[in-house]
There are 2 protein chains.
Amino acid sequence: MALTQTLDRKGQIQAAAQNLFRERGFAATSMRDLAKAVGIEPASLYSHITSKESILREICFHMADQFFEQLDQIDGQANPAEQLKQAIIGHISVIRKNYDASAVFLHEWRFLEEPNLGRFKSLRRDYEQRFRAILEAGQAAGQFRQMNMKIVLPTLFSSMNWAYEHVKPATLLPPEEVGETIWRLFVQGLEHK
Amino acid sequence: MALTQTLDRKGQIQAAAQNLFRERGFAATSMRDLAKAVGIEPASLYSHITSKESILREICFHMADQFFEQLDQIDGQANPAEQLKQAIIGHISVIRKNYDASAVFLHEWRFLEEPNLGRFKSLRRDYEQRFRAILEAGQAAGQFRQMNMKIVLPTLFSSMNWAYEHVKPATLLPPEEVGETIWRLFVQGLEHK
DNA sequence: CCTACCGATCGGTAGG
DNA sequence: CCTACCGATCGGTAGG
């Protein structure tokens, strides 16, 4: 919401929606709440957006785009552990740059309607597979232990995704510190060698 | 919902609410939805419950009770790594025994009203502190490395709490396997020694 | 546990 | 971007 005054009306609506959807959830946020936050009449929202769901759709798919862009920037020549480190820090950085939107992306996507819901799930699956490929490359290279991917992969994502909650933006730890710590924990474990 | 037919009406309402709140969220579930699931008229719900929020309250605090009970059963004489293992497996077991309710506990608690909301947050903080104490005991004993607890603790909880999602009940891995794998990952890490 | 109903609020449209 | 408004639905109560 900090940059609201520099955005056009459509951008203001998106920013206000991200904040409200994050704080109250999609279902508990009314178009009247949203209009009030923007400072216009409820009906005027529909000059800029087509439906409540269309706002959610833009938030979710814009976040998905950013997560994929980040993945495309990691060093394909690095070893798996290093690639994993870059992917983890990148993922957390995207969350941090989109404090409200990432919470919506993570929690409110289920209110998407078909066919958007199906497309969203498909993108998310693709993204998870990219991480899985890194982990499996590490196993193939003998760097990582053989562990059940059905457990390891969701554990990794859960570990990365808490970053949006628990802590307010002002007191946030730097994404690099969070990412490095999670990576070290994940790769080396808590126990002394 | 499997045992609905053996429950009294109040229990049926609770079971149906857990399922609906899990699938659609608290805000998006109407009392009419709930009544339909139970097979009575909407107004009849109020013979057994006082408000929509009171159902949520019972779910959340009943789950909290179970999490604490589980913690009280771990072996206080064991070393920190072993205590951690028992606590993790116990936590995941509670989630597994309450498939619908645990999702509600984890995601819908924010729709609690004061003073319940405050009480809930306080209980959750206490619970987290119990885990923190185990981790710090491990550090004090030289068994665990010094790491930023502000990162390690939420990472641990996130890792444990994914268990309620991603996977349908029928295909669930045994809680012991999930718990042991997460514990090993958390303590030893992914990398070969 | 039901019928009947309350005032409030919902997402969205018509028409300018 | 506004005024005016639509039909549908909301959580909950009265009274039996």
message = Counting the benzene-type ring for Trp, do F67(A) and H62(A) have ring centres under 6.0 Å apart?
response =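 F67(A) vs H62(A): aromatic centres not under 6.0 Å.
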ask   = Aromatic ring centroids of F105(A) and F120(A) under 6.0 Å?
value =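 Distance test on ring centres: under 6.0 Å, yes.
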query = When you check the side-chain N and O atoms of Q86(A) and D75(A), is any donor under 3.5 Å from an acceptor?
reply =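 The criterion, which ignores hydrogens and geometry beyond distance, is not satisfied for D75(A) and Q86(A).
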Residue pair H91(B) / N161(B), side-chain donor-acceptor N/O under 3.5 Å =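 H91(B) vs N161(B): donor-acceptor pair found between side chains.
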message = Could you tell me the Watson-Crick or G-U partner of dG15(D), where both distances fall under 3.5 Å? Say none if there is no partner.
response =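 With both distances under 3.5 Å, dG15(D) matches dC2(C).
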key: dC10(D) - base-pair partner by Watson-Crick or wobble geometry, distances under 3.5 Å   =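 The base-pairing partner of dC10(D), which may sit in any strand shown, is dG7(C).
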request  = Heavy atoms under 4.0 Å is the rule here; annotate nucleotides 9-16 of chain D 5' to 3' with B where the base is hit, S where only the sugar-phosphate is, and - elsewhere.
outcome  = -BBBB---
ask   = To the nearest Å, how far apart are E41(A) CD and dC2(D) P?
value =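 The answer, rounded to whole Å, is 5 Å.
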key: Note, E136(A) side chain near F144(A) side chain (heavy atom, < 4.5 Å)   =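 No - every pair of side-chain heavy atoms lies 4.5 Å or more apart.
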inquiry  = Check this for me: does the side-chain of S47(A) come within 3.5 Å of the base of dC1(D) through a donor and an acceptor?
reply    =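 Donor-acceptor pair under 3.5 Å: yes.
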ask   = Is the shortest distance from a Lys or Arg side-chain nitrogen in D126(A) or R132(A) to a carboxylate oxygen in the other one below 4.0 Å?
value =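 Looking at R132(A) together with D126(A), the answer is no, because their closest N to O distance does not fall below 4.0 Å.
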